[in-house]
Number of protein chains: 2
Amino acid sequence: MLRGSGLRPTRQRMALAGILYAKGNRHISAEGLHEEAMSAKVPVSLATVYNTLHQFTEAGLLREVAVDGSKTYFDTNVTDHHHFFVEDDNQVIDIPEGGMGVGDIPEPPPGYEITRVDVVVRLRRVR
Amino acid sequence: MLRGSGLRPTRQRMALAGILYAKGNRHISAEGLHEEAMSAKVPVSLATVYNTLHQFTEAGLLREVAVDGSKTYFDTNVTDHHHFFVEDDNQVIDIPEGGMGVGDIPEPPPGYEITRVDVVVRLRRVR
DNA sequence: ATTTGTGCAAATCGTTTGCATCTGA
DNA sequence: TCAGATGCAAACGATTTGCACAAAT
């Protein structure tokens, strides 16, 4: 998989890929992945985690999710889909594919082309 | 306007409000507003700009726009609408109201309610 | 007089970078 | 061998915070 993307299969990258793709689709932050790696007894530096996440993203293995908050989340689900965002605990959840459709997409201003349409449905816990 | 929102009309707040609402709808970052204030000969500290932006947002006078990038943008247009985001230069543009519709909004997971639906149409300059 | 806001500088947080050292092909 | 990867610590940019001072009611 790594080789197929032109990335050397190093110890760290293989371990991180293992964590990322072990249990279905995930939304994880750099810090989150770093912690998981540590508790899985895979000592990687935070810098390497950042490098790896960006390289994976460039290789199309991950997708950066821009929700609110200051943190960047990475999504192991690279298919076309949108997200719920729980404001109470900064949690990102996939909206099942086909679970929603975007209506009329507007014409982009002249000279521009659309690269992607992102929909974020913000949620709050009902009290 | 400030009084109506329960905010004391201080020199700085009035000056910042003036800049914000002077020329139609705007998308501005804290740093951007600070710079404009400075060149308008209104010396305010960056901390005060941040305070003011957040207070205005809480008061419903502004809306925080979560696009990509590390910066936070504030929108003087608080009506229901969505955004174009130009990736080349981090510019936020309003999609005219009614210019697009969101299709089927999905059921939120049980125990949650929808607070808002944000659509960001990402653009790239055509080369 | 009392409460609320402001400015400054230091602190924090997530992320990036420089560089010496290692490692996979 | 040697280009590419990693780790560390220092650098960074955006935002927040603590606290003394100033201004609004």
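Numbered from 1 within each chain, the chains take letters A, B, ... in sequence-line order.
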What are the residues of residues 35-61 of chain B, sorted by number, that bring a heavy atom to within less than 4.0 Å of DNA chain C? B:Pro43, B:Val44, B:Ser45, B:Ala47, B:Thr48

Which ones in residues 6-15 of chain B lie close to DNA chain C, meaning a heavy atom under 4.0 Å from one of its atoms? B:Arg8, B:Thr10, B:Gln12, B:Arg13

Between A:His83 and A:Asp94, is any side-chain donor less than 3.5 angstrom from a side-chain acceptor? yes

With heavy atoms under 4.0 Å as the rule, sort B:Thr72 into base, sugar-phosphate or nothing. sugar-phosphate

My understanding is that only residues two or more places apart in sequence, or in another chain, count here; which of them pass ring-ring contact (aromatic ring centres under 6.0 Å, His included) with A:His34? none

Taking the side chain from A:Thr115 and the backbone from B:Arg124, do they hold a donor-acceptor pair closer than 3.5 Å? no

Is there a donor-acceptor pair closer than 3.5 Å between any side-chain N or O of B:Thr57 and the backbone N or O of B:Leu53? yes

With distance as the sole test, does B:Thr76 use its side chain to make a donor-acceptor pair with the main-chain N or O of B:Arg26 at under 3.5 Å? yes

For a quick check under 3.5 Å, do B:His81 and B:Asp75 share a side-chain donor-acceptor pair by atom type? yes

First-last contacting nucleotides on DNA chain D - partner chain B, under 4.0 angstrom, heavy atom: D:dA14 to D:dT25

So, A:Tyr73 side chain and A:Asn90 main chain: donor-acceptor pair closer than 3.5 Å or not? yes

Considering only distance and modelled atom types, tabulate donor-acceptor pairs under 3.5 Å from the side chains of residues 12-22 of chain B, sequence neighbours left out.
| from | atom 1 | to | atom 2 | distance (Å) |
| --- | --- | --- | --- | --- |
| B:Arg13 | NE | B:Arg8 | O | 3.1 |
| B:Arg13 | NH1 | B:Gln55 | OE1 | 2.8 |
| B:Arg13 | NH2 | B:Arg8 | O | 3.4 |
| B:Tyr21 | OH | B:Leu61 | O | 2.6 |

First contact, last contact: which nucleotides of DNA chain C are these for chain A, 5' to 3', heavy-atom distance under 4.0 Å? C:dG14 to C:dA25

